[in-house]
Amino acid sequence: MRKLNVLSVLLALVLFAAPALAGKDDPLFINLTSDDPHRTLMAIGFGQAQMQRGHALTVYLNDKGVLVASRKNAAQFAEQQKMLSDIAAKGGAVLVCPMCSKKFGVAEADLIEGAKITSPDITGPALFKDGTKTLSW
């Protein structure tokens with residue numbers, strides 16, 4: 001009898017679960033917490049490729065990810081910084097966590113072109129816009 005209940009629940013989940021498919025122009029919100037050069041390049045490159053396919057893009061840099069947007073780290077993150085600036089220049093958002101910036105000593109004046117310190121009033125609408133898909137690195 002217990003197996004029947006488990007099977008019934010699984011069947012109901014399969015039948016009634018909404019598919020997590022992206023529409024052709026659903027927004028993408030990337031949460032980037034890493035300062036690992038490979039991981040940051042993967043995240044930003046993936047987002048850039050999706051933006052080129054018509055998806056609105058927000059790259060949210062938090063935790064150690066804020067270091068990627070600091071001009072002080074231009075030697076370490078030259079490629080990533082160019083990609084982020086290109087994203088911003090083409091209408092994407094590059095948002096930087098204010099609390100994390102403070103913790104890691106990244107002042108707003110240190111940020112690359114197009115990146116900006118954010119707030120809940122800016123981040124929230126990007127994250128919660130209908131249809132938005134999220135990825136985290």
Side-chain angles (χ1 to χ4, degrees):
M1 189 65 142
R2 181 171 165 90
K3 283 185 179 182
L4 182 59
N5 286 338
V6 170
L7 288 173
S8 297
V9 169
L10 289 174
L11 181 61
L13 288 173
V14 169
L15 291 176
F16 299 109
L21 301 175
K24 69 179 189 102
D25 58 358
D26 283 349
L28 176 60
F29 186 99
I30 292 179
N31 179 45
L32 181 53
T33 64
S34 177
D35 66 341
D36 175 81
H38 175 69
R39 290 182 62 157
T40 58
L41 200 55
M42 285 183 359
I44 298 164
F46 182 86
Q48 193 172 47
Q50 296 309 311
M51 188 175 175
Q52 291 167 351
R53 286 162 176 78
H55 297 276
L57 177 63
T58 300
V59 179
Y60 180 63
L61 303 169
N62 69 100
D63 197 32
K64 290 185 177 180
V66 301
L67 297 170
V68 176
S70 174
R71 289 187 182 122
K72 292 179 182 179
N73 300 318
Q76 183 179 1
F77 299 113
E79 189 174 4
Q80 292 90 334
Q81 289 185 1
K82 180 175 180 346
M83 292 167 74
L84 288 170
S85 290
D86 288 348
I87 287 167
K90 292 178 180 168
V94 178
L95 305 178
V96 180
C97 171
M99 191 176 349
C100 303
S101 296
K102 188 174 183 179
K103 176 177 176 43
F104 292 105
V106 177
E108 191 159 16
D110 297 335
L111 295 178
I112 60 170
E113 186 73 28
K116 61 183 172 185
I117 301 290
T118 192
S119 71
D121 292 333
I122 296 169
T123 306
L127 178 59
F128 297 114
K129 184 175 181 180
D130 285 345
T132 299
K133 307 301 183 243
T134 61
L135 285 173
S136 187
W137 270 271

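Source: prediction; values computed, not measured. All heavy atoms count here, side chains included; hydrogens, waters and symmetry mates do not.
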Spell out, yes or no, whether [X] and [Y] are grouped together once hydrophobic residues are joined by side-chain heavy atoms under 4.5 Å, including indirect joins.
X: I122; Y: L127; result: yes
X: L61; Y: I117; result: yes
X: L135; Y: M83; result: yes
X: I30; Y: Y60; result: no

### Message
Looking at K133 and G131, would you say the former's side chain and the latter's main chain have a donor-acceptor pair under 3.5 Å?
### Response
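Checked: pair present.
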### Task
Mind checking side chain to side chain donor-acceptor pair (under 3.5 Å) for T123 and listing every partner two or more places apart, or none if nothing turns up?
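Once residues adjacent in sequence are excluded, the partners of T123 under the side chain to side chain donor-acceptor pair (under 3.5 Å) criterion are T118.
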### Query
Q81: what forms a side chain to side chain donor-acceptor pair (under 3.5 Å) with it, not counting sequence neighbours?
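For Q81, no residue satisfies side chain to side chain donor-acceptor pair (under 3.5 Å) once neighbours in sequence are set aside.
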I need the minimum non-hydrogen distance between [X] and [Y], along with the two atoms involved.
X: G47; Y: L28; value: CA-CD2, 4.2 Å
X: P120; Y: P125; value: O-CD, 3.8 Å
X: G54; Y: D25; value: O-CB, 3.7 Å
X: S34; Y: T40; value: O-CG2, 3.1 Å
X: Q80; Y: V68; value: CB-CG1, 3.8 Å
X: S101; Y: V96; value: OG-CG1, 3.1 Å

### Message
Go through it in stages, so that I can follow the logic: the residues are T58 and L95, the test is side chain to side chain contact (heavy atoms under 4.5 Å, CB included), and I'd like the CA-CA distance, side-chain angles, deciding distance and then a yes or no.
### Response
CA-CA 7 Å; T58 300; L95 305 178; 3.7 Å; yes
### Message
Pair D63, F104 - check side chain to side chain contact (heavy atoms under 4.5 Å, CB included), show working.
### Response
CA-CA 8 Å; D63 197 32; F104 292 105; 3.9 Å; yes
[atom1]/[X] to [atom2]/[Y] distance, rounded to the nearest 0.5 angstrom?
X: E113; Y: K82; atom1: CD; atom2: NZ; answer: 13.0 Å
X: T33; Y: W137; atom1: OG1; atom2: CH2; answer: 11.0 Å
X: H55; Y: Q48; atom1: NE2; atom2: CD; answer: 14.5 Å

### Query
Is M42 atom CE crowded by more than 12 heavy atoms from other residues, nucleotides or ligands, each under 6.0 Å away?
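Yes.
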### Message
If we check side-chain contact (heavy atoms from CB on, under 4.5 Å) with N73, which of these qualifies: V66, L67, D35?
### Response
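The single option meeting the side-chain contact (heavy atoms from CB on, under 4.5 Å) with N73 is L67.
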### Message
L84 and side-chain contact (heavy atoms from CB on, under 4.5 Å): which single residue from V59, L32, L111 fits?
### Response
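Filter result, single survivor: V59.
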### Partner set under side chain to side chain contact (heavy atoms under 4.5 Å, CB included) for M51, not counting sequence neighbours
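For M51, the residues satisfying side chain to side chain contact (heavy atoms under 4.5 Å, CB included) (neighbours in sequence not counted) are L57, I87, K90.
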